[in-house]
Amino acid sequence: MDKPADGLTTNLAKAERYLARFRGSVVPHVIAGAHTTGSGETFDNLLPVDNSHLCRVAAGTADDIDRAARAAQAAFAAWRRVPGDIRQDILHAIADRIESRAEEIALVESMDTGQPIRYMAKAAIRGAENFRFYGDRAPSARDGLSLPSDAHMNYTTREPIGPVGVITPWNTPFMLSTWKIAPALAAGCTVVHKPAEWSPLSAVLLTEIMHEVLTEAGLPPGVVNLVHGIGETAGRALTEHPLIKAIGFVGDSATGRHIMRQGAETLKRVHFELGGKNPVVVFDDADLDRALDATVFMIYSLNGERCTSSSRCLVQRSIHDAFAARLAERVQKIVVGHPLDPRTEVGPLIHPRHVDKVLSFPDSARAEGATVACGGGRPEGLGGNFVQPTLYTGAAQTMRIAREEIFGPVLTVLPFDDEADALRLANDVDYGLTAYIWTRNVGRAHHFAQSLDAGMIWVNSENVRHLPTPFGGMKASGIGRDGGDYSFDFYMETKNICVALDTHKIPRMGV
Ligand code: NAD
């Protein structure tokens with residue numbers, strides 16, 4: 001990606017070439033390898049930078065989902081029998097092709113979501129890594145434990161659960177889709193993917209790549225299927241379909257509740273990665289320079305549209321005012337601009353409805369007695385869905401800005417007195433996804449981490465992802481874990497087989 005000041009011009013020209021195929025068209029579903037616009041119903045896809053109309057997208061119906069689920073079911077018989085080492089090769093071939101289209105994926109994703117290119121430039125690389133990581137685990141996915149007893153040989157093995165549904169959100173759609181689909185394929189499952197209606201385009205590229213590789217390998221066309229559509233229609237039908245055995249879902253906690261209800265009739269297995277209101281806890285003995293860098297990065301990168309963002313900054317009272325002042329100084333200097341400008345740090349939010357949500361908070365914050373230390377409105381001279389990076393200080397735990405997920409470039413700062421106070425504040429929210437602790441006291445770091453209600457905790461670090469580790473949240477932040485072998489537990493059934501050594505006494509009746 002170009003770095004100099006004229007990078008925007010170059011990137012815009014390249015992006016236009018990649019977007020040309022979508023402009024003015026109707027983006028179809030891909031069901032059993034065939035492009036189809038289904039019922040003919042569509043919805044509009046707008047570009048966040050100026051809300052201009054790019055294209056229309058097929059709005060999937062229950063019929064489209066049914067055809068996709070049947071295609072996935074038909075292909076399952078073949079895909080589940082493909083040996084692990086061949087699945088490994090196929091997933092690596094998908095990764096190769098993702099990497100060869102990295103620029104296209106980055107530019108399309110950036111324009112479709114409003115995410116700055118400086119972060120999206122790596123989207124394809126990270127997506128490819130997910131395929132390589134799970135590809136390498138495909139040969140051992142079915143391995144279980146040997147559990148011998150005195151009279152029996154017990155062993156466990158795993159087998160793919162069947163066709164699965166993957167439902168993804170709009171914030172970093174390419175990475176999140178690969179994060180779900182790669183382990184499903186490695187496990188031997190077939191997939192129906194329903195991407196978010198506000199950012200449907202990178203799913204088109206991913207499906208195209210996967211389909212090409214699977215077809216060249218001689219597999220039937222329904223291993224991966226893509227159905228676009230509105231959550232309450234296409235998403236709902238997917239969660240209710242009897243042939244779909246499990247739903248891997250990333251999105252809002254309220255949607256997770258709907259999906260659980262919708263899936264009840266068919267006893268759907270669900271895996272939920274949901275919202276967060278994650279604390280970063282800064283003690284007065286921390287390396288404050290590093291804590292400052294990480295806190296700012298974790299909430300203002302990716303436009304703050306990030307489930308693991310450090311959206312609540314809890315600062316020990318003795319350093320609170322100085323740290324809040326340093327935060328404000330940084331936040332004021334964050335570069336807001338066109339997502340394709342390499343200098344841009346915060347781009348436009350995804351959609352006008354999301355802007356309304358994010359900008360509903362400043363008034364309530366003031367009414368509840370907090371201070372809007374930076375931002376709180378729209379930046380001058382920029383249209384589209386731009387909002388100012390915002391910092392709230394003087395907040396209290398009872399306020400909406402301290403409890404609700406805002407999902408924008410917005411940080412709320414709260415003071416705490418001591419460890420007990422920090423722990424109470426950190427845990428006193430509905431969510432429990434991530435937490436960040438800044439202290440040089442090793443014992444405190446450990447015992448504080450062990451008392452936090454969060455699925456993932458980083459000490460003296462921003463979120464640095466390591467693919468073998470479990471990813472997921474507690475409380476309203478989710479059910480289940482992704483990563484490493486944890487993903488296979490979700491996409492596979494565990495089977496125990498017990499073989500007698502013909503030595504034990506079998507109880508006799510009717511003798
Ligand atoms: P959302 O829940 O509104 O939508 C997510 C997906 O669910 C979309 O594809 C949507 O069409 C679909 N959907 C909506 N209603 C549905 C229904 N009734 N049945 C089936 N599907 C339905 O979420 P969003 O606004 O797209 O994404 C933002 C949310 O995602 C935030 O809360 C964020 O924290 C969360 N998120 C979590 C993680 C994580 O790993 N925990 C990662 C990224 C985003």
Side-chain angles (χ1 to χ4, degrees), residues 43 45 57 59-60 62 65 112-115 126 130 165-180 192-200 202-203 226-241 244 247-264 266 268 270-278 299 302-311 349-351 353-358 404-408 410 429-434 454-456 463 465 469-483 486-487:
F43 59 92
N45 187 33
V57 182
I65 290 289
D112 201 24
T113 60
Q115 295 285 4
R126 292 189 62 197
N130 288 334
V166 169
I167 302 179
T168 45
W170 44 258
N171 55 332
T172 49
F174 188 81
M175 211 294 292
L176 288 171
S177 304
T178 61
W179 182 226
K180 292 283 167 191
V192 179
H193 180 201
K194 208 300 284 172
E197 48 271 51
W198 286 350
S199 62
S202 60
L226 173 67
V227 180
H228 298 283
I230 306 301
E232 292 74 19
T233 316
R236 181 184 186 115
L238 186 57
T239 62
E240 291 177 342
H241 201 287
I244 298 294
I247 295 287
F249 170 71
V250 186
D252 197 71
S253 303
T255 313
R257 292 188 186 97
H258 286 302
I259 291 178
M260 193 165 252
R261 279 191 288 270
Q262 292 159 197
T266 50
K268 207 72 86 207
V270 292
H271 186 169
F272 289 163
E273 284 174 17
L274 310 174
K277 188 71 180 176
N278 310 302
I299 181 63
L302 297 176
N303 297 346
E305 296 165 326
R306 175 181 203 156
C307 56
T308 55
S309 69
S310 56
S311 50
L349 303 188
I350 183 76
H351 194 274
R353 287 223 309 266
H354 189 51
V355 173
D356 290 345
K357 175 186 164 180
V358 171
E404 295 179 25
E405 185 185 48
I406 301 174
F407 218 56
V410 182
V429 285
D430 293 338
Y431 299 102
L433 188 59
T434 66
M456 295 170 283
N463 164 355
R465 184 83 191 99
T469 60
F471 185 103
M474 299 180 180
K475 303 198 292 192
S477 290
I479 296 176
R481 296 292 181 271
D482 266 322
Y486 299 93
S487 299

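We count residues from 1, following the sequence as given. Everything numeric here is computed off the predicted structure, so don't read it as measured data. All ligand and atom numbering here is 1-based and tracks the order in the structure.
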inquiry  = With respect to H258, determine whether any N or O atom, backbone or side chain, lies less than 3.5 Å from an N or O atom of ligand 1.
reply    = no
ask   = Identify the closest protein heavy atom to atom 18 (N) of ligand 1: which residue and atom is it, and at what distance?
value = Q262 OE1, 3.0 Å
remark   = E232 heavy atoms within 4.0 Å reach ligand 1 at atoms 15 (N)
key: Test item: N303 side-chain N/O and G114 main-chain N/O as donor-acceptor pair under 3.5 Å   = yes
message = As an exercise, identify every atom of ligand 1 less than 4.0 angstrom from a heavy atom of L176.
response = 43 (C)
task = For K194, counting its heavy atoms only, list the atoms of ligand 1 lying under 4.0 Å from any of them.
result = 8 (C), 9 (O), 10 (C), 11 (O)
request  = Heavy-atom contacts with P195 under 4.0 Å: which atoms of ligand 1 show up? List them by number with element.
outcome  = 9 (O)
ask   = What residue and heavy atom of the protein are closest to atom 43 (C) of ligand 1, and at what distance?
value = N171 ND2, 3.3 Å
ask   = Which protein non-hydrogen atom lies closest to atom 28 (C) of ligand 1, naming both residue and atom, and how far is it?
value = F407 CE2, 3.6 Å
ask   = If you measure from each heavy atom of F249 to ligand 1, is any distance below 4.0 Å?
value = yes
inquiry  = As a check for students: among P200, A203, G235, identify the option with a heavy atom nearest to atom 20 (C) of ligand 1.
reply    = G235
message = Using only atom types and a distance under 3.5 Å, with no angle test, would you say the side chain of S487 pairs donor to acceptor with the backbone of G483?
response = yes
ask   = What residue and heavy atom of the protein are closest to atom 37 (C) of ligand 1, and at what distance?
value = L274 O, 3.0 Å
request  = Report the residue from I244, I259, T266, T255 that forms a side chain to side chain contact (heavy atoms under 4.5 Å, CB included) with T239.
outcome  = I259
request  = Taking E273 for its side chain and G472 for its backbone only, find out whether a donor-acceptor pair lies under 3.5 Å.
outcome  = no
inquiry  = With heavy-atom distances below 4.0 Å as the criterion, list the atoms of ligand 1 near G275.
reply    = 32 (O), 34 (O)
message = Tell me the contacting part of I167 for ligand 1: side chain, backbone, both, or neither, using a 4.0 Å heavy-atom threshold, strictly below.
response = side chain
task = Could you check atom 13 (N) of ligand 1 against the protein and tell me its nearest heavy-atom contact, residue, atom and distance included?
result = G231 CA, 3.4 Å
message = Among all the protein's heavy atoms, is there at least one whose distance to atom 4 (O) of ligand 1 comes out below 4.0 Å?
response = no
message = With the threshold set at under 4.0 angstrom, would you say F272 reaches ligand 1 through any of its heavy atoms?
response = no
request  = Can you figure out which of H354, M456, E405 has its heavy atom closest to atom 31 (C) of ligand 1?
outcome  = E405
ask   = What is the nearest protein non-hydrogen atom to atom 2 (O) of ligand 1, stated with its residue, atom name and distance?
value = T255 OG1, 2.6 Å
Shortest non-hydrogen contact from R481 toward Y486 = O-CB, 3.5 Å
key: Per-atom contacts, ligand 1 versus R236 - under 4.0 Å to a heavy atom   = 19 (N), 20 (C)
query = Closest non-hydrogen protein atom to atom 26 (O) of ligand 1, residue and atom name please, with distance?
reply = W170 CD1, 2.8 Å
inquiry  = Quick check: do K194 and V166 have side-chain heavy atoms less than 4.5 Å from each other?
reply    = no
inquiry  = Just to check, does G256 reach to within less than 4.0 Å of ligand 1 when the distance is taken from its heavy atoms?
reply    = no
message = For atom 36 (N) of ligand 1, what is the closest protein heavy atom, and at what distance to 0.1 Å?
response = C307 CB, 3.6 Å
ask   = Which part of R306 is near ligand 1, with near meaning a heavy atom under 4.0 Å away: side chain, backbone, both or neither?
value = neither
query = Going through the distances and angles, do K180 and H271 end up as a side-chain contact (heavy atoms from CB on, under 4.5 Å)?
reply = CA-CA 10 Å; K180 292 283 167 191; H271 186 169; 4.0 Å; yes
inquiry  = Treating N278 as the side-chain partner and S310 as the backbone partner, does any N or O pair qualify as donor plus acceptor under 3.5 Å?
reply    = no
task = Look only at interatomic distance and state if T239 has a nitrogen or oxygen under 3.5 Å from any nitrogen or oxygen of ligand 1.
result = no
inquiry  = Are F407 and W170, when compared by the centres of their aromatic rings, separated by less than 6.0 Å?
reply    = yes
query = With only distance considered, is S253 within less than 3.5 Å of ligand 1 through an N or O on each side?
reply = no
message = With heavy-atom distances below 4.5 Å as the criterion, would you say the side chains of R126 and F174 are in contact?
response = no
message = P169 versus ligand 1: do any nitrogen or oxygen atoms come within less than 3.5 Å of each other?
response = no
inquiry  = Just so I know, are the side chains of H354 and E305 near enough to count as touching, which here means a heavy-atom distance under 4.5 Å?
reply    = yes
ask   = Would you say ligand 1 has an N or O under 3.5 Å from any N or O of D252?
value = yes
message = Quick check: do I350 and S199 have side-chain heavy atoms less than 4.5 Å from each other?
response = yes
task = Say whether, by atom type as modelled, one donor and one acceptor occur between the side chain of K277 and the main chain of E404 under 3.5 angstrom.
result = yes
query = Do L274 and F249 have side chains that get closer than 4.5 Å, going by heavy atoms?
reply = yes
inquiry  = As an exercise, identify every atom of ligand 1 less than 4.0 angstrom from a heavy atom of A196.
reply    = 8 (C), 9 (O)
query = Where's the contact between L433 and ligand 1, heavy-atom distance under 4.0 Å: side chain, backbone, both or neither?
reply = side chain
message = Closer than 3.5 angstrom, by distance alone: can the side chain of E197 be matched with the main-chain N or O of G231 as a donor-acceptor pair?
response = yes
query = Under 3.5 Å, is there a donor-acceptor pair between the side chain of S309 and the main chain of I299?
reply = no
ask   = Of the non-hydrogen atoms in P195 and T168, which two are nearest, and what is the gap between them?
value = CA-OG1, 3.4 Å
query = Which atoms of ligand 1 are found less than 4.0 Å from any heavy atom of F471?
reply = 40 (O)
